[in-house]
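Attaching a single structure in structure tokens format; questions to follow.
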Number of protein chains: 2
Amino acid sequence: MTVTPVQIPDQPAAEPARQLPPATVSRLTLYLRTLNGLLAEGVDQVSSESLAESAGVGSANVRKDLSYLGSYGTRGVGYEVANLSRKIAQALGLTHEWRVAIVGAGNLGRALARYAGFETRGFDVVALLDADQMVIGNEIGWLRVSDVAELEPVLEKTRANMVVLALPAGVAQSVCDRVVTAGVHSILSFAPVALSVPDFVNLRKVDMATELQILAYHAQRLQVPGLEEDRPSA
Amino acid sequence: MTVTPVQIPDQPAAEPARQLPPATVSRLTLYLRTLNGLLAEGVDQVSSESLAESAGVGSANVRKDLSYLGSYGTRGVGYEVANLSRKIAQALGLTHEWRVAIVGAGNLGRALARYAGFETRGFDVVALLDADQMVIGNEIGWLRVSDVAELEPVLEKTRANMVVLALPAGVAQSVCDRVVTAGVHSILSFAPVALSVPDFVNLRKVDMATELQILAYHAQRLQVPGLEEDRPSA
DNA sequence: GCTTGTGAATAGGTTCACAGCT
DNA sequence: AGCTGTGAACCTATTCACAAGC
């Protein structure tokens, strides 16, 4: 038994091998951030150990992650910052221009629209949409808020290829469906619901309430070793 | 071989067994959300299958997760919504009152301060702090912005037991250190850096740039089946 | 008959430890 | 001597499949 795990017998494997493990992909973004910092500081070599430290993971983990991209390190020395940064950016698809439309111009949507972090990392916010007539037409950051009724033409005109949903739970699914139908298949949702999408759509979720609840779980576990549950206190 | 995995030979196991798997904890928050919705609709029984559907996971997964809390389902019938909701809330530590201080009143911090989702889920935003003199003293939502120089007394006065960091990368570590020293050990960070904290601190990260980059990776993989790598274009 | 609860099987991820190269 | 690259071991998580109970 113990079959060799090769499953794709027709790819000639000229490229560094597609399909990185998901856990690796998310760590690569962290390494990239560190590398770009080092690049700005003029550092040009880095070890797996120090990359590990600034990403908060183990160094073996870093080396294994990087090995999926190929062998770009030098034994006894480390990795060349500029080269590695380029390779990771390439692997992550950051050589494309990504045009992001944000649907929902409530508190969160507006905050995201003004968030400088996107622009600097190759993500261009090209539209901001809302359903509220009071908000439509307002200037937020560099953008004017469009009517979500115009979603499809706006996506097409701006050639958006990613959408961020910053919407209340109730309307998220229907807007999501329209986004998918309009041909945008990469969606980041901040809505506190599970959205259902076809397999070919990339959907990621960020859920603040969930994060706080997870913290609550751990906090409670530490605070209550067995006694006192809700000390009313003075 | 095949040792039984019992590792805590001194706990009498009166409680439903502490230490849930992390993956289970995050899904429990999703089930809880669904259950509270059903509760509001007056539904009183639910199957693992329909819980699974609304959380976007498999039903065996749901049953295994719930089994860590004990056997609260009825075979052939399902789970009693009110009861299960209560059990999960209990397991997650949501019977406590959680008092959250938000540090950073920029776009994101303000959006979080006004985000209604927190209040309704047992998280009370009790303070909002910033370093910018232009912002200190402003009213945002129900709160007046405090000076981050006053962090320690504010945390103490408001008895905050969680902190949300909505800060730029540069200052996040130093504020984080002060928060920990001040005795708050549950931290949710939106800052795009890896923060280092002692082991006893619960730190979670939400990173929007990372999420978009992960989307970019998947999007690029689908869009480029093998050709054109960086087409210089017009 | 229908749905839970759970051991067994499988898949995925991390850590170890060391050979291989500079 | 130092650091990478990687098989092997280990641990965590998901899925399967079915017996147990209503």
Side-chain angles (χ1 to χ4, degrees), chain A residues 1-8 16-17 19-31 35 38 43-81 83-84 87-88 91 214, chain B residues 1-8 16-31 35 38 43-81 83-84 87-88 214:
Chain A
M1 309 327 158
T2 59
V3 282
T4 37
V6 178
Q7 309 249 38
I8 311 108
Q19 187 84 307
L20 304 169
T24 293
V25 173
S26 58
R27 282 188 301 264
L28 286 176
T29 68
L30 305 180
Y31 308 151
L35 289 167
L38 293 173
V43 178
D44 55 35
Q45 293 285 334
V46 67
S47 67
S48 60
E49 187 58 46
S50 69
L51 267 180
E53 161 132 36
S54 43
V57 303
S59 67
N61 213 327
V62 171
R63 291 196 299 277
K64 185 147 287 192
D65 288 339
L66 296 180
S67 78
Y68 290 118
L69 306 180
S71 290
Y72 297 119
T74 309
R75 290 166 197 235
V77 179
Y79 301 87
E80 209 234 303
V81 173
N83 182 39
L84 189 56
K87 291 297 181 194
I88 294 177
I214 294 172
Chain B
M1 306 326 163
T2 61
V3 284
T4 38
V6 178
Q7 310 248 39
I8 312 108
R18 301 250 145 254
Q19 187 83 309
L20 304 169
T24 292
V25 173
S26 58
R27 282 188 302 263
L28 286 176
T29 68
L30 304 180
Y31 308 151
L35 289 167
L38 293 173
V43 177
D44 54 36
Q45 294 284 335
V46 67
S47 67
S48 60
E49 186 58 45
S50 71
L51 268 180
E53 161 134 33
S54 43
V57 302
S59 67
N61 213 326
V62 172
R63 293 196 297 278
K64 183 145 288 186
D65 288 338
L66 296 180
S67 77
Y68 290 118
L69 307 180
S71 288
Y72 297 117
T74 310
R75 291 166 197 239
V77 180
Y79 301 87
E80 209 233 305
V81 173
N83 182 39
L84 189 55
K87 292 296 181 196
I88 294 177
I214 294 172

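Numbered from 1 within each chain, the chains take letters A, B, ... in sequence-line order.
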- request: Answer yes or no: does a side-chain N or O of B:S48 lie under 4.0 Å from OP1 or OP2 of C:dT4?
  value: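 Checking C:dT4 against B:S48, a side-chain N or O does come within under 4.0 Å of OP1 or OP2.
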task: Using whole Å, report how far CG of B:D65 lies from C1' of C:dT6.
output: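 Taking CG of B:D65 and C1' of C:dT6, I get 13 Å after rounding.
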field: Flag side-chain contact, heavy atom, 4.5 Å: B:L20 against B:L69
entry: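 The answer is yes, as the side chains (C-beta and beyond) meet within the 4.5 Å cut-off.
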message: Whole angstroms only, please: what is the CD-P distance between B:E49 and C:dG5?
response: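 Roughly 15 Å, once rounded to whole Å.
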For B:E53, all residues meeting side-chain contact (heavy atoms from CB on, under 4.5 Å), sequence neighbours excluded: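 Partners of B:E53 by the side-chain contact (heavy atoms from CB on, under 4.5 Å) criterion come out as none, since no residue qualifies.
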field: Length of the line joining B:Y79:OH and C:dC2:P, which is rounded to integer Å
entry: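 The distance from OH of B:Y79 to P of C:dC2 comes to 18 Å, rounded to the nearest Å.
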message: Tell me which pairs pass salt bridge (charged side-chain N to carboxylate O under 4.0 Å, His left out) where either residue lies in residues 55-75 of chain A, with sequence neighbours left out.
response: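 Qualifying pairs, neighbours excluded: A:R27-A:D65.
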message: What is the separation between atom NZ on B:K87 and atom P on C:dT4, rounded to the nearest whole Å?
response: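 Going from NZ in B:K87 over to P in C:dT4 covers 18 Å.
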query: Given that A:T24 and A:T74 both sit by DNA chain C, which one's nearest nucleotide is further toward the 5' end?
result: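 Taking each residue's closest nucleotide, the earlier one in sequence belongs to A:T24.
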query: Given atom OH of A:Y68 and atom P of C:dG12, what is their separation to the nearest angstrom?
result: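 Distance check: A:Y68 OH to C:dG12 P gives 11 Å.
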field: Residues in side-chain contact (heavy atoms from CB on, under 4.5 Å) contact with A:P21, at least two apart in sequence or another chain
entry: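 By the side-chain contact (heavy atoms from CB on, under 4.5 Å) rule, A:P21 matches A:T24, A:Y68.
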Side chain to side chain contact (heavy atoms under 4.5 Å, CB included) partner of B:L51, the single match among B:V57, B:L84, B:L30, B:V81: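 Per the side chain to side chain contact (heavy atoms under 4.5 Å, CB included) rule, the option paired with B:L51 is B:L84, out of B:V57, B:L84, B:L30, B:V81.
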message: Need two values: the first and the last nucleotide of DNA chain D, 5' to 3', having an atom under 4.0 Å from any heavy-atom of chain A.
response: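 Span of nucleotides near chain A: D:dG2 to D:dA8.
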message: Output the rounded distance in Å from CG (B:L66) to C1' (C:dT6).
response: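 It works out to 13 Å between those atoms.
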- prompt: How close do B:Y31 and B:L66 get, heavy atom to heavy atom, and via which atoms?
  reply: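 Closest pair (atom of B:Y31, atom of B:L66, distance): CD1-CD2, 4.1 Å.
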task: Could you list by number each residue of residues 54-64 of chain A showing a heavy-atom separation from DNA chain D of less than 4.0 Å, or answer none if no residue does?
output: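 Contacting residues: A:R63, A:K64.
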query: What residues form a side-chain contact (heavy atoms from CB on, under 4.5 Å) with A:N83, not counting sequence neighbours?
result: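 In terms of side-chain contact (heavy atoms from CB on, under 4.5 Å), with neighbours along the sequence ignored, A:N83 is linked to A:Y72, A:E80, A:R86, A:K87.
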task: Apply side-chain contact (heavy atoms from CB on, under 4.5 Å) to B:S26 and list each qualifying residue two or more places apart in sequence or on a separate chain.
output: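 Result, side-chain contact (heavy atoms from CB on, under 4.5 Å) vs B:S26: A:I214.
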- request: Between A:G76 and A:A23, name the one whose nearest nucleotide on DNA chain C is closer to the 5' end.
  value: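 It is A:A23, whose closest nucleotide lies nearer the 5' terminus.
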message: Check this for me: does the side-chain of B:R75 come within 3.5 Å of the base of C:dT3 through a donor and an acceptor?
response: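 When only heavy-atom distances are counted, B:R75 does not reach the base of C:dT3 through any donor-acceptor pair under 3.5 Å.
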